[in-house]
Each structure stands twice: as C-alpha cells, then as structure tokens.
Amino acid sequence: MIYDRILVRYGEISTKGRNRNKFIDRLRKNIKRALNDYPNAVIQADRDRMFILLNGEDSDEIGKRLQRIFGIQSFSPAIKVEKDLEKMKDAALELFRKIHKPGQTFKITAKRSDKTFELDTNEINYEFGSHILRNVDDLKVDVRRPDLNLLIEVRKEAAYISAETIKGAGGLPSASGGKGMLMLSGGIDSPVAGYLTMKRGLEVEGVHFFSPPFTSERAKQKVIDLSEKLAEVNGHFALHIVPFTEIQQAIHKQVPENYTMTTTRRLMLRITDAIREKQGGLAIITGESLGQVASQTLESMYAINEVTSTPIIRPLITMDKHEIMDIAHKIDTHDISIRPYEDCCTVFVPSSPKTKPRLEKVQNFESYFDFEELIQKAVDGTERMVIKPASERKDDPMDDLF
Ligand code: ATP
Ligand code: MG
C-alpha cells in the first residue's frame, strides 16, 4: 500500500455558508454508500476537507468510485506524517521512490497552513527537493511542467504528502437541493437531462408514459435499464410508469391529426405535474433541446408549457446533439437509449405535426372533451417502482431454485 488515505476537496459547497454542514453531511453519506463494499475505509469529515482513511483498501479502486460522486472538486491519495522534519523527508523520499519512473522530472510544491512550522514554503521546497535529488540518481527538476509534483502540505495536526490531484465530478452533493420529476423517455436526451440535474444536487424521480400494447414490455424494460444507470448517483431511483394508452386513443379521436402531438405533450405535462405534486416535488425536468424536433420549437414549447406554471428545467436546451451524446456515453446510457424499441410517442406520431402550433387552436380542440377524468385515472393507475443500481444488485442464488 503506497497511500494511507485520500484527501477529498469539496466543490462549491464551501461557498454555501449556513448550509455547509448539511452539504458536508450529505456528501459524507453519499461517499459512505458508494464505498459500501470497502468496509475498512473510514470517512473523516471536517469543515474544509474530508479524509478517507484506507486501512488497507485500494486507493485506485476507491478513487474510481469517488470520481462519480457529485460535490467533490478533486481528491488526492496521500500519506500522513508526523510534523518532524526528518520523518517528513524520509516519508517523502519513500513515496517518491515508489511512484517515480526513470526519466521523469519532478518538483516539490509546499503548502503551509501551520505558520509555526520551522520552515516556510520556499524552504520546504528547497529542503525536500535537495533531499530527493541527493538520494535518487539521474533526476531532474522541472518547475514548469514536472512529470511528478510532490505536494507537501503542513497543517496544524500533521503533514500530508501526495503526488497527484484527480479531478472529481464537481456539482453539488446529490439529493441536497429538493426534488424534481424527470420526464424519462427511452431516448438519448432525457437520461442526460436527469443526470445533469442531479449534478446540481436535485433529487430526481422519473416519470415514463407507457402505452401498451402499442409499446412493448421491452420498451418499458429499456426505461428501467436507464433508471438503473441513473440510480448509480444516489443508490436508488424512483420511477413512475403512467398508463397512457387510453389518453392517446382519446386524443386521436378528439384532436385534428396535426395537433395531436401538441395535445399529447400538454397532457403528459399535466399528468407529470399531478404526480410531482403528490410526491412533493418542485420542478419538472425534460430532455428538450431547442429546435431538435417539431415539439421543440419555441412555438411548441409556448403552447405546451401553458398547462403549468411549475418550473420546467431543460438542461439540454442549448446543447447540440453531439454534446448530449458525449455525456450519454460518459454516463453509460447511450447504448441502452439506442435500442430500437418504440416509444409511446413514436407509435402515435402524426405524419406532419405542427411545428408552429397556435395556443388558441389547441385550447379550442381540447375544450370539446373532458380530459380531466382520464388524467386522474392515469395518475391513480401510475405504478411507482424504486430501482437499484445494476452494480449493487445482489443476485440471490436462491432465486434460481423457485
Ligand atoms: P429523448 O431522447 O429524451 O426521448 P427526444 O429528442 O426524442 O428526447 P421528444 O421525443 O420530442 O425528444 O421528447 C422530448 C422530451 O419529452 C423528452 O426528452 C422527455 O423529457 C419527454 N418525453 C418524451 N416521451 C416521453 C415518454 N414516453 N415518457 C416520458 N417523457 C417523455
Ligand atoms: Mg424521444
């Protein structure tokens, strides 16, 4: 074991004033859950940083887990040393020998928050640099672009030595900022929108509209599989499956074909809003991106959005498809999203949906039918399931026996 701990630097939570403790506590819980299968690792949180004491656990493996957790700016595997100059120099040299590869240049970067320490930062740089140069052959210093940057940090309680700073996922600790309902189709966009919203600390629940028998069980499974990926962030993901067949059939009877898409979206939004209210959410999230398809022109959004004054968060609104796809690859939802199964909206999609629907018209078409009752029925018939991440799913060997 090279390192004995990982130093975790908080992201924006340091700017959160009063809420700070709550944020730190949430981050600590999220890290603890992510490290569930490393029972020896111990988390020590204080106001401006966190340490994960490895107690023999592998720092690379734990680092991989940490990289996915929101609220972490960066982290560094490190060793803790007593504040005794000779011991510190020996520890630095020992660490250096373990990680240095022949030909690599290096430098020392000292940080000193304990101003009573016998050396200042320049002196630390010099002392440690020359100690290592004396003891390792054919070594060059490069202060501009070193291959290895040995960080010596002298704090009140001890000194810490580390050699790399690994970028974290940024954002805010998950589930620290209220709840929103994600309209989750089986497409590429909405899972990405959900992920980005979670990154800002929101707790997200999915709402999926399902129209059997026009859409198959496999289409539903796809959304469950996407939810499993989103569940990686918080350890679980609640998914609401809304029975939508009856409403879609009613729309097709009541509304002229070129306006069915607009009405469908309006009703989806109304139902999502009702579920949101029941679940105590404060926002709705969609994967809409401006101009991408007929329902995502500004005119369409204006006509659709009219049914609610609940904030609608559209994280992808100005993104290009390729930018969205890059994120989908990163969060591992892309390959699930491109499975070919039909979605409720593609089955009923009109041949020429209005790209510039007029609000008065759609209101007029909808006024001849009482959708309220069907909306209530759909909300009542909604199934809520709580999905676990695939990585945590414990396949019970007993299952096979029954
Ligand atoms: P996506 O890739 O997310 O499906 P898209 O580019 O295919 O988006 P649309 O099909 O027009 O665009 O959908 C726009 C948004 O409406 C989606 O991002 C999603 O938030 C919501 N939506 C569409 N279909 C459904 C559905 N069956 N259930 C829940 N939400 C849906
Ligand atoms: Mg879609």
Side-chain angles (χ1 to χ4, degrees), residues 180-197 204-212 214-216 218-224 226-227 229-230 237-245 247-248 251 260-276 283-301 303-305 307-308 310 312-329 331 333-350 353-355 357 378-379 382-383:
M181 310 304 289
L182 167 68
M183 297 178 68
L184 183 60
S185 69
I188 291 175
D189 303 331
S190 40
V192 172
Y195 174 83
L196 292 175
T197 315
V204 172
E205 297 194 1
V207 177
H208 177 67
F209 292 86
F210 182 52
S211 298
F214 304 104
T215 47
S216 66
R218 287 181 307 181
K220 181 170 157 187
Q221 189 56 46
K222 190 175 162 183
V223 176
I224 293 174
L226 289 169
S227 300
K229 295 290 179 189
L230 294 174
F237 185 83
L239 175 65
H240 304 260
I241 308 258
V242 185
F244 202 48
T245 316
I247 293 189
Q248 285 198 297
I251 295 170
T260 53
M261 193 268 305
T262 312
T263 293
T264 305
R265 297 295 169 160
R266 282 164 60 91
L267 293 178
M268 280 182 164
L269 196 52
R270 281 169 72 179
I271 293 170
T272 305
D273 209 23
I275 297 171
R276 169 201 66 76
I284 292 169
I285 303 131
T286 75
E288 289 164 304
S289 163
L290 205 50
Q292 203 186 73
V293 288
S295 64
Q296 299 176 27
T297 62
L298 213 46
E299 290 82 359
S300 269
M301 279 187 210
I304 294 166
N305 210 151
V307 300
T308 179
T310 299
I312 300 185
I313 299 175
R314 300 180 176 91
L316 314 184
I317 198 70
T318 61
M319 283 192 195
D320 295 343
K321 194 75 190 183
H322 72 89
E323 295 174 281
I324 299 170
M325 280 167 63
D326 282 351
I327 304 176
H329 279 293
I331 65 172
T333 53
H334 177 271
D335 291 358
I336 302 172
S337 292
I338 60 171
R339 285 186 212 153
Y341 313 126
E342 68 299 327
D343 175 41
C344 70
C345 303
T346 35
V347 175
F348 285 92
V349 82
K354 267 266 182 251
T355 53
V379 172
T382 294
E383 175 196 3

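In listed order, ligands and their atoms are each counted from 1.
- In terms of N/O distances under 3.5 Å, ligand 1 is not approached by K321.
- Side-chain N or O atoms of T382 include none that pairs as donor or acceptor with a backbone N or O of H240 at under 3.5 Å.
- With a heavy-atom cut-off of 4.0 Å, L182 does not touch ligand 1 at all.
- Using a 4.0 Å cut-off between charged nitrogen and carboxylate oxygen, D273 and R270 do not count as a salt-bridge pair.
- In terms of modelled atom types and a separation under 3.5 Å, the side chain of S337 and the main chain of G187 share a donor-acceptor contact.
- The option from G287, S185, G186 that lies nearest to atom 25 (C) of ligand 1, judged by heavy atoms, is S185.
- The distance criterion of under 3.5 Å between nitrogen or oxygen atoms is met by M183 with respect to ligand 1.
- Looking at S190 next to ligand 1, an N or O pair under 3.5 Å apart turns up.
- When each of L267, L269, T272 is checked for a side chain to side chain contact (heavy atoms under 4.5 Å, CB included) with V307, only L269 meets the rule.
- Comparing R265, M268, R314, M261 against atom 10 (O) of ligand 1, the shortest heavy-atom distance belongs to R265.
- For the atom pair NZ of K229 and CZ of F237, the computed distance is 14.0 Å after rounding to the nearest 0.5 Å.
- Ligand 1 has a nitrogen or oxygen under 3.5 angstrom from a nitrogen or oxygen of I188.
- Annotation: salt bridge (Lys or Arg N to Asp or Glu O under 4.0 Å) contacts of K220 (sequence neighbours excluded): E383.
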(message) For I241 and L239: C-alpha separation, side-chain torsions, deciding distance, then whether side chain to side chain contact (heavy atoms under 4.5 Å, CB included) applies.
(response) CA-CA 6 Å; I241 308 258; L239 175 65; 3.8 Å; yes
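- Those atoms of ligand 1 that come under 4.0 Å of a heavy atom in D189, given as number and element, are 1 (P), 2 (O), 3 (O), 5 (P), 6 (O), 8 (O).
- Taking any N or O of F209, backbone or side chain, at least one lies under 3.5 Å from an N or O belonging to ligand 1.
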